Peer 1: 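If you scroll down you'll find the structure; I have some questions about it.
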Amino acid sequence: MRTLPLTLFLCLAAIPALAAGQPSPEQLGELFCKASLSDDMGLVENDLTPFLTLAIAEAEAKNTQIQAKAPDEKPPLGDGLPWRSWPDFADGCAIGTTYRTADRVFADINYSFSESPDANYTDQLVLMPSVEDQNLWQIDDVIFATGMTMRSSLASAFGP
């Protein structure tokens, strides 16, 4: 009889650990903000769709080739990957509104500048369920305040 309460306790204790491995869209947005503020986007590299991962890898390979051909010139991705509308460092980042469609979640990422509040802007994460696990959300793109997206910026960085 004593094993039932212990088993129940162990099962309940495991739920947060399981949930920690599968962040909600809001938690993924918070992680994205943390990565952006710390300038360490590696924090989200395991949370990208295979499609975005491939687009990044292709862009980085092209960038490396261009840099090798002209080492004294700044390559197209010389300022790094375009994770946000502008490369200027925002000292504030917070997740805003999230909404779902049939197959995606959109999460507002609000960037702020304490010294220049008029420069604040909002980008939007595009999250999709993982191909392997429909309960696991992954970053598939970033829609910039300018209307461009991360994917389109990666593609256009290297010309037509």
Side-chain angles (χ1 to χ4, degrees), residues 8-63 75-158:
L8 182 60
F9 171 78
L10 292 174
C11 288
L12 290 174
I15 289 173
L18 291 173
Q22 297 185 345
S24 69
E26 292 79 10
Q27 290 168 323
L28 197 49
E30 289 169 5
L31 180 61
F32 187 88
C33 273
K34 178 180 177 183
S36 184
L37 289 176
S38 67
D39 200 25
D40 183 8
M41 297 312 288
L43 293 172
V44 295
E45 71 183 8
N46 292 328
D47 296 307
L48 307 179
T49 63
F51 312 108
L52 182 56
T53 300
L54 179 62
I56 289 170
E58 289 173 349
E60 287 177 329
K62 287 178 187 176
N63 197 65
L77 298 179
D79 290 328
L81 292 170
W83 288 104
R84 52 189 174 263
S85 293
W86 293 282
D88 301 331
F89 180 75
D91 58 3
C93 182
I95 186 165
T97 305
T98 61
Y99 67 92
R100 294 176 189 253
T101 63
D103 62 345
R104 288 182 172 80
V105 170
F106 296 87
D108 288 348
I109 302 296
N110 301 315
Y111 290 101
S112 59
F113 299 83
S114 57
E115 298 291 320
S116 301
D118 57 325
N120 296 352
Y121 64 93
T122 300
D123 287 343
Q124 198 171 58
L125 291 182
V126 180
L127 307 174
M128 293 184 63
S130 165
V131 174
E132 292 88 26
D133 182 352
Q134 295 293 302
N135 295 316
L136 177 63
W137 292 97
Q138 296 179 311
I139 300 167
D140 188 56
D141 208 347
V142 182
I143 301 171
F144 301 136
T146 60
M148 292 280 291
T149 68
M150 182 176 186
R151 285 184 191 224
S152 64
S153 292
L154 289 173
S156 67
F158 302 97

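All values derive from a computational prediction rather than experimental measurement.
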Peer 1: Any carboxylate oxygen within less than 4.0 angstrom of a Lys/Arg side-chain nitrogen, looking at Asp140 and Arg151?
Peer 2: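 Yes.
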Peer 1: Any chance you could measure Leu127, atom CG, to Arg104, atom CZ, to the nearest 0.5 Å?
Peer 2: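 Rounded to the nearest 0.5 Å, the CG-CZ separation comes to 10.5 Å.
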Peer 1: Could you check Val126 against Ile139 for side-chain contact (heavy atoms from CB on, under 4.5 Å), going step by step and ending with a plain yes or no?
Peer 2: CA-CA 6 Å; Val126 180; Ile139 300 167; over 6 Å; no
Peer 1: For the backbone of Leu52 and the side chain of Thr49, can you confirm whether one donor and one acceptor N or O come within less than 3.5 Å of each other?
Peer 2: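 Yes, the answer is positive, given that a donor and an acceptor are paired below the 3.5 Å cut-off.
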Peer 1: Are Cys33 and Ile109 side-chain neighbours, meaning at least one heavy-atom pair lies under 4.5 Å?
Peer 2: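 Yes, their side chains come closer than 4.5 Å.
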Peer 1: Apply side-chain contact (heavy atoms from CB on, under 4.5 Å) to the pair Asn110 and Cys93, showing each step before the final yes or no.
Peer 2: CA-CA 5 Å; Asn110 301 315; Cys93 182; over 6 Å; no
Peer 1: Assess the residue pair Phe144 and Thr122 against the criterion (side-chain contact (heavy atoms from CB on, under 4.5 Å)); give the C-alpha distance rounded to whole Å, side-chain angles, the decisive distance to 0.1 Å, and a yes or no.
Peer 2: CA-CA 7 Å; Phe144 301 136; Thr122 300; over 6 Å; no
Peer 1: Measure across Ser85 and Ala145 and return the closest heavy-atom pair with its distance rounded to 0.1 Å.
Peer 2: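 Residues Ser85 and Ala145, closest heavy atoms: OG-N, 2.8 Å.
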Peer 1: Provide the closest heavy-atom pair for Ser130 versus Gln138 in the form atom of the first, atom of the second, distance.
Peer 2: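 Residues Ser130 and Gln138, closest heavy atoms: CA-OE1, 3.5 Å.
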Peer 1: For Met41, is there any backbone N or O sitting under 3.5 Å from a side-chain donor or acceptor partner on Glu45?
Peer 2: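 It does not hold such a pair.
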Peer 1: What residues, two or more places apart in sequence or in another chain, satisfy side chain to side chain donor-acceptor pair (under 3.5 Å) together with Ser114?
Peer 2: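 Partners of Ser114 by the side chain to side chain donor-acceptor pair (under 3.5 Å) criterion, ordered by chain and then number, come out as Asp91.
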Peer 1: Under a 3.5 Å distance rule, please check whether Thr97 uses its side chain to pair with a backbone N or O of Asp108 as donor and acceptor.
Peer 2: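 Between the backbone of Asp108 and the side chain of Thr97 there is no qualifying donor-acceptor contact (under 3.5 Å).
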Peer 1: Which atoms form the tightest heavy-atom contact between Gly29 and Ile95, and what is the distance?
Peer 2: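 It is CA-CD1, 3.7 Å.
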Peer 1: Supply the atom-to-atom distance Phe51 CZ to Thr53 OG1, rounded to the nearest 0.5 angstrom.
Peer 2: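 Rounded to the nearest 0.5 Å, the CZ-OG1 separation comes to 10.0 Å.
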Peer 1: To the nearest 0.5 Å, what is the distance between CZ (Phe106) and CG (Leu125)?
Peer 2: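 Reported value, rounded in 0.5 Å steps: 10.5 Å.
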Peer 1: Go through the steps to decide whether Leu81 and Met150 satisfy the test side-chain contact (heavy atoms from CB on, under 4.5 Å), and finish with yes or no.
Peer 2: CA-CA 8 Å; Leu81 292 170; Met150 182 176 186; 4.2 Å; yes
Peer 1: Can you name the nearest heavy-atom pair linking Phe89 to Leu37, along with the distance?
Peer 2: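 Nearest pair, atom of Phe89 first, then Leu37: CE1-O, 3.3 Å.
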Peer 1: Considering all heavy atoms of both residues, which atom of Asn120 and which atom of Phe113 are nearest to each other, and what is their separation?
Peer 2: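 Heavy-atom minimum between the residues: OD1-N, 2.8 Å.
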Peer 1: Heavy-atom distance under 4.5 Å between the side chains of Ser38 and Leu43, does that happen here?
Peer 2: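 When only atoms from C-beta onward are counted, Leu43 and Ser38 do touch, with a gap below 4.5 Å.
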Peer 1: Kindly check if the number of other-residue, nucleotide or ligand heavy atoms within 6.0 Å of CG (Asp39) is above 12?
Peer 2: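 Count not over threshold, so no.
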Peer 1: On a heavy-atom basis, which atom in Leu77 and which in Pro82 lie closest, and how many Å separate them?
Peer 2: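 Smallest interatomic distance, heavy atoms only, reads CD2-CD, 4.2 Å.
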Peer 1: Mark yes or no for whether Gln27, through its side chain, and Ser24, through its backbone, hold a donor-acceptor pair below 3.5 Å.
Peer 2: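 Yes, the answer is positive, given that a donor and an acceptor are paired below the 3.5 Å cut-off.
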Peer 1: Indicate whether the side chain of Thr98 and that of Glu26 have a donor and an acceptor atom separated by less than 3.5 Å.
Peer 2: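 Distance-only check passes for Thr98 and Glu26.
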Peer 1: Applying ring pair (Phe, Tyr, Trp, His ring centres under 6.0 Å), run through Tyr121 and Trp86 and close with a yes or a no.
Peer 2: CA-CA 10 Å; Tyr121 64 93; Trp86 293 282; 4.8 Å; yes
Peer 1: Is a side-chain donor or acceptor of Asp47 paired with a backbone partner of Trp137 at a separation under 3.5 angstrom?
Peer 2: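 Not a single qualifying donor-acceptor pair exists.
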Peer 1: Would you say Arg100 and Pro25 make side-chain contact, with heavy atoms under 4.5 Å?
Peer 2: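 Heavy-atom side-chain distance check passes, below 4.5 Å.
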Peer 1: Do Ile56 and Leu154 come close enough that some side-chain heavy atom pair is under 4.5 Å?
Peer 2: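 Answer yes - side chains close enough.
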Peer 1: Do any N or O atoms from the side chain of Ser36 and from the backbone of Phe32 form a donor-acceptor pair under 3.5 angstrom?
Peer 2: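 Not a single qualifying donor-acceptor pair exists.
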